[in-house]
Undergrad: 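I'd like to ask you about the structure that follows.
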Amino acid sequence: MSLFNRKGMLKFPKPKYRSTLRNISTPYIIKECFCPNGHNLINDDVIFNNSKGILVEVSRFNERGTLSLSPFYGCKNKISNGISLKINELYDIKCPTCQVLLPTFNNCHCGGKIVSLFMNREGSFTSFVGVCNRIGCPESNIKLDDELIKEVMIAAI
């Protein structure tokens, strides 16, 4: 197979597997969310619009507490307990059951880390919710199999 076509132009291979990027404008509700060890992060104790919230442990230096996140993708509502969160500060995000640090998927444009909350018990990066560990950063995304969903202008619920 030649690297050049009959006009002398370089041929670029067409990938068989291609990831797609989709913008959403309607709320996506996260119903399953796990740490890398398979512990469920969905919690009955905090409810957002009749849906169970996502509970994680957050820490910075010697401060520690829990953070409940809205399960509605695009809704930035959160409730902290036992810790006073400071805007623009970076926090470690852990599983509240086993205290394992949630893994980083990528660096964020703000200098923080996009932390992965898995949508499967196996802790696979094939489907996960990514959130920035900098309080106040709006960056978040959902990866479902080969589709990357980015939030665009979703009104708070």
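This is a predicted model, so every value here is computed, not measured.
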Undergrad: Same cluster for Ile93 and Leu55 if Ile/Leu/Val/Met/Phe/Trp/Tyr side chains link at under 4.5 Å?
TA: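 No, it is not one cluster - the side chains of Ile93 and Leu55 are not joined through contacts under 4.5 Å.
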Undergrad: Rounded to the nearest 0.5 Å, what separation is found between the OG atom of Ser127 and the CD atom of Glu32?
TA: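 Answer for the OG-CD pair, Ser127 versus Glu32, is 10.5 Å.
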Undergrad: What's the separation between atom OG1 in Thr104 and atom CG in Asn133, rounded to the nearest 0.5 Å?
TA: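 Rounded to the nearest 0.5 Å, the OG1-CG separation comes out at 7.0 Å.
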Undergrad: Quick check: closest heavy atoms across Val58 and Ile83, and the distance to 0.1 Å?
TA: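 Closest approach of Val58 to Ile83: CG2-CG2, 3.9 Å.
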Undergrad: Any ion pair linking Lys86 and Glu63 (charged N to carboxylate O, less than 4.0 Å)?
TA: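 Between Lys86 and Glu63 there is a salt bridge, with a charged N closer than 4.0 Å to a carboxylate O.
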Undergrad: Considering residues at least two apart in sequence or located in another chain, which fulfil the side chain to side chain contact (heavy atoms under 4.5 Å, CB included) criterion with Gln99?
TA: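 Counting only residues at least two positions away or on another chain, Gln99 forms a side chain to side chain contact (heavy atoms under 4.5 Å, CB included) with Glu57.
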Undergrad: Side chains of residues 113-122: which donor-acceptor partners sit under 3.5 Å, not counting sequence neighbours?
TA:
residue	atom	partner	partner atom	Å
Lys113	NZ	Asn107	OD1	2.8
Asn120	OD1	Gly123	N	3.1
Asn120	OD1	Ser124	N	2.9
Asn120	ND2	Ser124	O	3.4
Arg121	NH1	Gly38	O	2.8

Undergrad: If I compare all heavy atoms of Lys52 with all of Ile47, which pair ends up nearest, and what's the gap?
TA: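 So the two residues come closest at CA-CD1, 4.0 Å.
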Undergrad: Determine whether a donor-acceptor pair (N or O, by modelled atom type, separation under 3.5 Å) exists between the side chain of Asn40 and the backbone of Ile42.
TA: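 Such a contact is found between Asn40 side chain and Ile42 backbone.
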Undergrad: Crowded around Lys94 NZ? As in, over 12 foreign heavy atoms under 6.0 Å?
TA: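 Yes, because the 6.0 Å sphere around NZ of Lys94 holds more than 12 heavy atoms from other groups.
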Undergrad: Mind running side-chain contact (heavy atoms from CB on, under 4.5 Å) on Asn43 and Ile54 for me, showing each step along the way?
TA: CA-CA 6 Å; Asn43 192 286; Ile54 301 167; over 6 Å; no
Undergrad: Which distance, rounded to the nearest 0.5 Å, do you find between the CD1 of Ile30 and the OG of Ser51?
TA: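 One gets 10.5 Å once the value is rounded to the nearest 0.5 Å.
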Undergrad: Any chance you could measure Phe61, atom CZ, to Asp92, atom CG, to the nearest 0.5 Å?
TA: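 Going from CZ on Phe61 over to CG on Asp92, the span is 10.0 Å.
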Undergrad: What heavy-atom pair brings Cys110 and Cys132 nearest, and what distance separates the two atoms?
TA: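 Of all heavy-atom pairs spanning Cys110 and Cys132, the closest is SG-SG, 3.5 Å.
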Undergrad: Is the distance between the ring centroids of Phe128 and Phe105 under 6.0 Å?
TA: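 Here the rings of Phe105 and Phe128 have centres that are less than 6.0 Å from each other.
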Undergrad: Could you state the interatomic distance from SG (Cys33) to CG (Leu41), rounded to the nearest 0.5 Å?
TA: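 Rounded to the nearest 0.5 Å, the SG-CG separation comes to 5.0 Å.
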Undergrad: Decide yes or no for Cys35 and Leu102: does some side-chain heavy atom of the first lie under 4.5 Å from some side-chain heavy atom of the second?
TA: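 Yes, at least one pair of side-chain atoms sits under 4.5 Å.
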Undergrad: Could you check whether any side-chain N or O of Arg134 sits under 3.5 Å from a backbone N or O of Glu89, counting only pairs where one atom can act as donor and the other as acceptor?
TA: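 No, because the side chain of Arg134 does not come within donor-acceptor range (under 3.5 Å) of the backbone of Glu89.
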Undergrad: Rounded to the nearest 0.5 Å, what separation is found between the SG atom of Cys137 and the CG atom of Asn88?
TA: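 Going from the SG atom of Cys137 to the CG atom of Asn88 covers 9.0 Å.
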Undergrad: I want to check something: taking the side chain as every heavy atom from C-beta on, are Pro36 and Leu101 in contact at a cut-off of under 4.5 Å?
TA: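 The answer is no; the side chains never approach within 4.5 Å.
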Undergrad: Which heavy atom of Phe48 sits nearest to which heavy atom of Leu69, and what is that distance?
TA: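 Closest heavy-atom pair between Phe48 and Leu69: CE1-O, 3.5 Å.
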Undergrad: Taking all atoms of both residues into account, what is the closest heavy-atom pair of Leu85 and Tyr91, and its distance?
TA: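 In this case the closest contact between Leu85 and Tyr91 is CA-OH, 3.5 Å.
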Undergrad: Is any side-chain heavy atom of Phe125 less than 4.5 Å from a side-chain heavy atom of Pro103?
TA: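 The answer is yes, as the side chains (C-beta and beyond) meet within the 4.5 Å cut-off.
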Undergrad: Grouping I, L, V, M, F, W and Y whenever their side-chain heavy atoms are under 4.5 Å apart, do Leu67 and Ile87 come out in a common cluster?
TA: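 Cluster IDs for Leu67 and Ile87 match.
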Undergrad: Any heavy-atom pair between the side chains of Asn37 and Cys95 that's under 4.5 Å?
TA: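 Side chain of Cys95 against side chain of Asn37, heavy atoms only: no contact under 4.5 Å found.
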